[in-house]
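For reference, the structure discussed in these notes is given below.
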Amino acid sequence: MADRRSLAAELAASWFGSDLPPHARTAFLELAVEREVGAGTEMVREGQPTTGFGLVLSGRVALRLHVPGRGQVTILTVEPGDIYGWSAIVPPYRSTSTGVAVEPVRALVVDAVALRAALRADDALAASLYPRVLEAVARRLDGTRLQLLDLFAGQVEASW
Amino acid sequence: MISATEAPAHGPGFLARKDLGALFALVRDDGRRLIGPTVRDGAVMLDELDGPDALPEGIRESQTPGRYRLEAGRPGRLFDHTVGPSSWKRWTFPPTVPVGTTRRDGAVVAFEPATPDAAPLAFLGVRACELAALAVQDRVLLGGPVADPDYAARRRSALVIAIQCTTAASTCFCTSMGTGPEVSDGADVVLTELDDGFVVTAGSRRGRELLERLPVRLATAEERDAAAGGVAAARAAVAANAGVAAPGLPSRLMAALDSPRWADVAERCLTCANCTLVCPTCFCTSVTQRSDLAGAETLSERTWDSCFTGSFAAVAGGNFRSRPQDRYRQWLTHKFATWVDQFGTFGCIGCGRCVTWCPAGIDVREELAAIAPPPRAVVTGMHLPAVTPAPDEAWLRPARVVATHRETANVTTLTLAWEGQVPGAGQFVMAGPPGFSAAPISVSRARRGAIEMTVRAAGPATAALTALGHGATVGVRGPLGRGWPLERMLDRNVIVVAGGIGLAPLRSLIEAIAAERERFRDVTVYLGARTPRDRLFVGELGAWSAAGIAVTETVDRAGADWLGRVGVVTHLFDHAERLPEGAVAAVCGPERMMEATVEVLRARGIPDERIFVTLERHMECGVGLCGHCQLGRFFVCRDGPVFSIAELGDAFGREGL
Ligand SMILES: Cc1cc2nc3c(=O)[nH]c(=O)nc-3n(C[C@H](O)[C@H](O)[C@H](O)COP(=O)(O)OP(=O)(O)OC[C@H]3O[C@@H](n4cnc5c(N)ncnc54)[C@H](O)[C@@H]3O)c2cc1C
Ligand code: SF4
Ligand code: SF4
Ligand code: FES
């Protein structure tokens with residue numbers, strides 16, 4: 001386990017944390033606990049209330065959807081610097097996919113209820129944290145759109 | 001017949017109408033077939049003529065947008081018409097010509113180029129605008145790095161007897177394109193018709209020799225004046241017609257790519273391709289195959305194609321110009337803008353054929369005036385350059401498959417024994433299994449004695465390629481095109497981004513870098529595939545890493561057993577705030593993936609000059625002759641397929657180009 005100082009440095013160096021102002025970083029760090037889990041650990045589960053919002057420091061979290069007949073399909077992996085569990089702060093606060101550590105994962109995790117309360121109480125935190133979360137989610141939306149085109153299957157240009 | 005000493009030594013001569021038969025006889029004596037205008041099916045057509053009686057005597061044409069009718073002209077005049085639906089390109093660049101034969105005898109495959117059928121011709125009655133059209137096609141088909149051998153043979157052997165116009169149709173606009181009605185260049189003999197004969201001048205040695213053998217006397221001053229007056233009358237008539245404001249037109253037109261008028265004209269255009277078929281300069285072709293029943297012999301033929309046809313810009317999985325407005329825009333911008341970038345002249349010589357023969361009566365002059373309205377300017381002529389012949393195009397060469405490696409369910413790498421020039425990284429070849437059209441395929445590995453190509457079965461030709469076994473023969477032409485700019489990457493950080501089969505042309509780049517690794521700084525390769533099963537060159541990634549190349553992979557989707565990254569390829573580096581300083585990027589994959597990648601690279605501080613992409617377009621010839629692969633002013637086959645984003649500018653990712 002790393003000490004708070006080195007955690008602060010890791011947060012600042014991460015993609016998610018690098019853009020947050022010092023106040024937001026401090027507030028986030030105060031709420032967060034460092035968590036280390038082994039490969040195979042389920043971090044969030046599709047359809048269930050999201051209990052924690054996490055920033056991956058090392059390792060990889062696979063976001064999976066259950067597809068009847070095909071089993072678990074991985075649609076995205078969360079790499080170091082990126083977040084999982086954004087549904088902790090977006091109604092209805094239920095996870096949209098199942099997040100599984102496919103390698104040993106070290107993450108900074110904030111309890112969902114505590115984070116929501118902090119965001120309500122601290123306007124400055126909310127004003128800097130929400131845009132960064134939105135940016136992360138927007139990138140995924142962008143990526144998902146490209147995946148939808150299934151370009152490598154031979155679609156050079158949609159003909160419709 | 002008069003003797004050579006009596007032939008006109010100075011100035012124009014005069015040939016009486018009654019002596020025109022002597023010209024026909026002479027031409028025939030020289031072993032030439034004489035082609036000239038004659039009335040057929042209610043129009044003045046070009047065809048083989050037996051004698052002067054076949055000429056359209058006393059006939060004039062009334063031509064307006066979408067309408068053509070024969071009328072009475074001046075009695076006795078043989079050339080009172082202007083231009084009908086056929087043009088000389090039917091003879092210099094016929095609608096169908098054989099390009100070669102593939103013969104199979106057991107395992108032995110032979111490729112034989114066709115020998116041009118060069119029975120010498122004589123063209124009688126070529127108008128000034130049509131001479132300009134021949135000169136335009138000369139630039140296209142003879143002036144580039146590769147010349148069309150069939151065209152070269154036909155064109156060089158044809159004797160050209162021009163006629164200066166003394167009448168004009170309402171659709172003529174040669175004066176605005178600077179191509180007529182006066183004949184200045186490019187004819188062996190020039191005629192100007194008077195009531196009782198022709199004022200004649202020689203335009204070449206061949207023409208002078210011909211005149212010396214004809215009953216030609218010196219023209220009188222009155223005859224010379226009458227001839228000049230006739231041409232001046234034609235010029236005045238054309239000048240009174242609607243025209244095209246040619247100066248500055250290319251830039252005005254390219255600035256109007258988003259004009260609402262494109263959609264408007266597309267409402268009227270039937271995409272029937274009549275305009276391109278009657279146009280004397282349009283040169284786009286496709287190659288088709290015809291096999292005998294036993295499949296032992298396959299004849300490849302080059303046939304006229306048109307940018308108006310639906311499949312003209314189709315590639316596996318899509319069509320770059322699916323909408324009629326894209327096709328009309330391609331045609332008009334090519335004729336009046338990008339042609340100038342490519343060949344130094346307009347692609348239009350102002351004959352008006354496309355105006356007359358458009359069933360919808362679409363008039364290019366009107367469309368141009370609406371889309372790219374003229375500034376107030378004076379119309380000046382354009383310069384038609386002399387022909388510069390280029391070396392003949394090589395036909396397919398047989399190459400033997402010496403190894404195959406199945407990469408995925410539908411992708412196979414073929415190793416071919418190769419004696420030819422070693423291709424550079426990113427170059428491609430035209431490759432066809434016997435009996436199929438050749439498809440453009442990147443060289444995925446090149447060394448002395450062998451090349452590799454990695455082929456995805458996307459359609460008949462590529463499916464046949466992937467099915468080939470050891471010992472099979474493939475027809476190959478190349479290496480072609482401009483590859484990756486390795487020299488720009490020396491002493492720099494290099495970023496390589498590949499999606500799907502796009503890794504094939506990048507593999508040769510990665511290996512070229514690995515071979516001289518110390519000459520480059522950090523090299524990072526980002527790979528995207530559809531699923532884990534679709535990853536290419538899996539067995540080679542370790543060697544790349546061992547050579548000091550950082551390789552990161554991702555797939556679009558995966559099952560629970562895949563522990564690697566999942567997400568689009570940009571996901572691999574969009575969390576980096578900045579990419580390595582001064583990096584050069586090389587990107588290949590589906591066009592939409594490349595667009596997304598370029599956007600992320602730009603946002604991470606890499607300028608357009610240092611982002612290179614390789615483009616896929618429909619290709620038939622691979623050497624800048626068939627017109628299929630055009631993207632704005634570029635021929636992707638010849639000018640690319642690798643381009644920097646800065647070079648492509650607006651053309652990159654724009655719909656319908
Ligand atoms: C520079 C370049 C490099 C390429 N490198 C590779 C490579 O390394 N590996 C690989 O697998 N593929 C490569 N391709 C794509 C490959 O050329 C096409 O998939 C192939 O031409 C399809 O031909 P087909 O006869 O198999 O299929 P078809 O059924 O003829 O074609 C399928 C689709 O492709 C279109 N098409 C037909 N002929 C051509 C043509 N000559 N060029 C482009 N599209 C055409 C058709 O209109 C149709 O929509 C490359 C293309 C280019 C332009
Ligand atoms: S574009 Fe029309 S007017 Fe111009 S050369 Fe072609 S057919 Fe003639
Ligand atoms: S412009 Fe006229 S001739 Fe050309 S494709 Fe359209 S309808 Fe046919
Ligand atoms: S011009 Fe024929 S393929 Fe490029």
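Predicted model only: the values in this text are computed from it and were never measured. Chain naming here is simple, since letters A, B, ... match the order of the sequence lines and numbering starts at 1 in each.
- Residue A:Gly38 comes nearest to A:Thr41 through the heavy atom pair O-OG1, 2.6 Å, listed as atom of the first residue, atom of the second, then distance.
- With a 4.5 angstrom heavy-atom cutoff, A:Arg70 touches chain B only via side-chain atoms.
- Contacts with chain A were tallied for B:Arg557, B:Met593, B:Arg530; B:Arg530 has the most, counting heavy-atom pairs under 4.5 Å.
- Neither the backbone nor the side chain of B:Ala458 comes within contact range of chain A; no heavy atom of the residue lies under 4.5 Å from a heavy atom of that chain.
- Across B:Phe635 and B:Gly627, no two heavy atoms sit closer than the pair CE2-CA, 4.0 Å.
- Considering only heavy-atom pairs separated by less than 4.5 Å from chain B, the leading option among A:Gln72, A:Glu103, A:Arg140, A:Arg64 is A:Arg64.
- Of all the listed residues (B:Gly567, B:Ala560, B:Ala529), the one sharing the greatest number of non-hydrogen pairs under 4.5 Å with chain A is B:Ala560.
- When all heavy atoms of A:Arg132 and A:Ser18 are compared, the pair lying nearest together is NH2-OG, 3.5 Å.
- In plain terms, the two heavy atoms of A:Ser87 and A:Arg94 that are nearest each other are CB-O, 3.2 Å.
- In terms of heavy-atom pairs under 4.5 Å with chain A, the best-connected choice from B:Asp534, B:Asp556, B:Asn410 is B:Asp556.
- Every residue two or more places apart in sequence or in another chain that forms a ring-ring contact (aromatic ring centres under 6.0 Å, His included) with A:Phe53 is listed here: A:Phe16.
- Taking the six-membered ring for Trp and thresholds of 30 and 60 degrees, B:Phe312 and B:His618 have nearly parallel ring planes, at less than 30 degrees apart.
- A:Glu79 touches chain B through its side chain: at least one heavy atom from C-beta onward sits under 4.5 Å away, while N, CA, C and O do not.
- Proximity to chain B involves both the backbone and the side chain of A:Leu76, based on heavy atoms less than 4.5 angstrom apart.
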